[in-house]
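Below is one structure; the comments refer to it alone.
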Amino acid sequence: MDHYDIVIFGAGIIGLSVACGLQGLGLQVLIIKSDLIQTCLDTEIISPTTKHFSVLNPASQLLFQHFGIWSNILNINTSTFYRMDIWERDSSGYITFGEALKKNPSHPLGYVIENQKVHNLLWQHVRNLNNVTILISEKVTGVSFKNEKALLSFKENIIISTSLIIAADGAYSSLHQYVNIPLLSWNYKHHILIANVHTEIPHEETAYQVFHTNSILAFLPLRDPHLGAIIWSLSPKKAEYLAGTSKILFNEKLSVNFDVKLGVCHAEGARQVLPLQGCYAHKLIFNRLVLVGHSAHTMHPLLDQSLNLGLMDAAELIGEIRHLHRQGKDIGQYQNLRRYERRRKHNTFQTLLSTEVYYRTFMGDNLGKKILHDNLLTMVNKLPGIKSYLLKNTQGMINIPNWLR
Ligand SMILES: Cc1cc2nc3c(=O)[nH]c(=O)nc-3n(C[C@H](O)[C@H](O)[C@H](O)COP(=O)(O)OP(=O)(O)OC[C@H]3O[C@@H](n4cnc5c(N)ncnc54)[C@H](O)[C@@H]3O)c2cc1C
């Protein structure tokens, strides 16, 4: 039976980020990687057909700078945006964030990254760390805890012992079933339609979000001034319809739904529909197992905070493990990890709550609601105090771990 100080279960962006942050401590780390995604240890992970983009905020930027890979991220077609416009269709409610930021380009509102490219970059980086071992395995068959150790067994008859298991295996984490962590989950009754689009009018490094009665259309600006990624939250039926409809009709609907703000839009490449599910783990630690990223929480992409929240989980956990290890304490003991749980639950809950309030306030055609959010948008747009707080929150600088400041 092999022993590792830490076993990271799942090699997504968050699991790999935790591994990056544990270098230089003398801790032996094992990453369990599912072979569901086609991989080859000597080359990068092969990209899927549809390009997926997410937002990284300046707090996540600090983490990647700390790993020494930020300049590489900027070199993989990452774009920067300084402004975000949010409005409601058929109403006067309109809000603009970040109009002053152009004057200070070192503090943008966020960066638009291609998920697969950042994932590949992290994978290349982690493979070269000499304290990290990779195990490709399809299925874990058991998790148990005894004698201050956790034991993981695999289908291939391998048993691994460790001081700490980090569950970074995403939504529907298979480790949940072994440790029975209570999970609150809900259905948004919306799917998201993802596509890359060409715009007639240049986006001017601005992200857009427009609310309709029963849908939300978001636009993330890419490096080319006429290219962007759309994330369209719709009823499952409408999403499937729009994904399957002709290009001409889709482009027409898209342009109109953006109030022709970006002129005539043309979808480029494939359109993809993904279901939306929210979940929140009531506990982040069970014995010697700790949850990070999507295994702990998923939410509506409305505020585009999911990836950033996961990265702050990683940052907080890295800080805690470093601190415990330097003090010669047990890195896997429940009591020693409680601070991680407290801090991350607080931040996650706040973000989840704001996302839910935002989402539920804007969805639906209730007249009272409509008057409320019209006034809300106009009021927030005029109040500099609230606006600058929301701006700081979007940039992720409020709940950043102390060691990263
Ligand atoms: C290709 C790609 C596309 C993305 N698209 C979007 C998007 O459209 N919108 C958006 O907001 N974010 C997107 N993201 C970002 C992603 O959702 C974030 O990374 C997310 O915030 C959480 O990441 P995670 O590492 O916690 O979970 P995940 O990214 O889900 O990673 C979990 C990892 O665990 C692995 N795993 C699962 N089960 C097992 C098992 N039994 N054994 C071993 N490993 C296992 C999975 O293969 C995966 O590699 C994408 C990421 C990638 C890599």
Side-chain angles (χ1 to χ4, degrees), residues 6-19 21 31-32 34 54 59-60 63 139-140 142-145 150 152 162-188 274-321 324 331-360 396 399-401:
I6 295 174
V7 172
I8 300 175
F9 198 79
I13 292 177
I14 308 304
L16 294 175
S17 295
V18 177
I31 299 183
I32 313 287
S34 118
S54 291
S60 299
L63 186 66
K139 195 166 166 39
V140 67
V143 179
S144 57
F145 304 93
L152 276 159
T162 182
S163 302
L164 177 65
I165 301 171
I166 299 176
D169 52 339
Y172 318 111
S173 162
S174 55
L175 289 186
H176 273 274
Q177 61 183 290
Y178 293 103
V179 294
N180 226 350
I181 288 183
L183 194 71
L184 179 69
S185 64
W186 60 97
N187 190 338
Y188 284 104
L274 303 169
L276 271 179
Q277 179 93 16
C279 83
Y280 175 74
H282 289 292
K283 286 162 88 37
L284 297 183
I285 312 168
F286 180 88
N287 212 316
R288 288 181 174 269
L289 183 143
V290 59
L291 304 180
V292 286
H294 270 192
S295 77
H297 45 75
T298 60
M299 61 190 71
H300 196 285
L302 175 67
L303 298 178
D304 235 319
Q305 288 302 327
S306 188
L307 179 56
N308 294 304
L309 264 188
L311 287 168
M312 286 307 108
D313 291 349
E316 194 75 56
L317 188 59
I318 291 164
E320 212 52 64
I321 292 173
L324 293 171
I331 55 168
Q333 200 182 53
Y334 177 78
Q335 288 307 334
N336 292 342
L337 290 167
R338 276 284 291 138
R339 189 163 53 172
Y340 163 78
E341 183 176 56
R342 268 198 314 274
R343 288 195 178 162
R344 292 316 301 154
K345 273 191 74 174
H346 176 68
N347 183 202
T348 304
F349 189 73
Q350 272 182 334
T351 311
L352 199 64
L353 194 66
S354 3
T355 307
E356 288 307 299
V357 169
Y358 200 39
Y359 176 71
R360 314 241 169 237
N399 285 297
I400 193 166

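For the numbers below, each heavy atom of this structure counts, side chains included, while hydrogens, waters and symmetry mates do not. Please read all numbers here as calculations on a predicted model, not as lab measurements.
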Margin query: Could you check whether any side-chain N or O of E316 sits under 3.5 Å from a backbone N or O of Y340, counting only pairs where one atom can act as donor and the other as acceptor?
Written below: no
What one should report as the nearest heavy-atom pair of G396 and A59 is O-CB, 3.3 Å
Separation between CG (N336) and CD1 (I285), nearest 0.5 Å, reads 9.5 Å
Shortest non-hydrogen pair, T298 vs A171, comes out as CG2-CB, 3.7 Å
Applying salt bridge (Lys or Arg N to Asp or Glu O under 4.0 Å) to R339 and not counting sequence neighbours gives E320
Tightest non-hydrogen contact, residues L289 and A167, listed as CD2-CB, 4.2 Å
(request) Decide yes or no for I166 and L317: does some side-chain heavy atom of the first lie under 4.5 Å from some side-chain heavy atom of the second? (result) yes
Check your understanding: Just wondering, do F286 and N180 contact through their side chains at under 4.5 Å, heavy atoms?
Key -> no
Separation between OH (Y280) and CD (E356), nearest 0.5 Å, reads 12.5 Å
Original post:
So, do V18 and D313 sit near enough that their side-chain heavy atoms are less than 4.5 Å apart?
Top reply: no
Count the heavy atoms belonging to other residues, nucleotides or ligands that lie under 6.0 Å from OH of Y334, then report whether that count exceeds 12. yes
Sorted by chain and residue number, the side-chain hydrogen bond (donor to acceptor under 3.5 Å, both in side chains) partners of R342 (sequence neighbours excluded) come out as none
When rounded to the nearest 0.5 Å, the distance separating CD1 of I165 from CG of L291 is 11.0 Å
Applying side-chain contact (heavy atoms from CB on, under 4.5 Å) to T351 and not counting sequence neighbours gives M299, Q305, L309, N347, T355
Taken to the nearest 0.5 Å, the spacing of I331 CD1 from L337 CG works out to 8.5 Å
Looking only at heavy atoms, the pair that brings I8 and A168 closest together is CG2-CB, 4.2 Å
Residues pairing under salt bridge (charged side-chain N to carboxylate O under 4.0 Å, His left out) where one sits in residues 162-177, two or more places apart or in two chains, turn out to be none
Heavy atoms of V140 and V143 approach each other most closely as CG2-CG2, 4.4 Å
The reported gap from CG in L311 to CD1 in I13 (rounded to nearest 0.5 angstrom) is 7.5 Å
Residues at least two apart in sequence or cross-chain that pass side-chain contact (heavy atoms from CB on, under 4.5 Å) with A315, listed by chain then number, are L63, M312, P401, W403, L404
By side-chain contact (heavy atoms from CB on, under 4.5 Å), S354 pairs with (sequence neighbours left out) L303
Across all chains, not counting sequence neighbours, the side-chain hydrogen bond (donor to acceptor under 3.5 Å, both in side chains) partners of S295 are none
- Answer whether the closest heavy-atom distance between the side chains of I32 and V7 falls below 4.5 Å. yes
Q. Under a 4.5 Å cut-off applied to non-hydrogen side-chain atoms, are S173 and F9 in contact?
A. no
For residues 171-183, the salt bridge (charged side-chain N to carboxylate O under 4.0 Å, His left out) pairs (sequence neighbours left out) are none
Contacts of L183 meeting side-chain contact (heavy atoms from CB on, under 4.5 Å) (sequence neighbours excluded), chain-then-number -> H176, C279, A281
With sequence neighbours left out, the residues meeting ring pair (Phe, Tyr, Trp, His ring centres under 6.0 Å) with H300 are Y188, Y359
*asked:* Quick check: do I14 and H294 have side-chain heavy atoms less than 4.5 Å from each other?
replied: no
Residue pairs passing the salt bridge (charged side-chain N to carboxylate O under 4.0 Å, His left out) test with at least one member in residues 283-301, sequence neighbours excluded, are R288-D330
T162 meets the side-chain hydrogen bond (donor to acceptor under 3.5 Å, both in side chains) criterion, sequence neighbours left out, with none
Here the gap from I31 atom CD1 to I6 atom CD1, rounded to the nearest 0.5 Å, amounts to 10.5 Å
Q: Taking the side chain as every heavy atom from C-beta outward, state whether L152 and Y178 have any pair of such atoms under 4.5 Å apart.
A: no
In short, A296 meets L284 closest at the heavy-atom pair CB-CD2, 3.6 Å
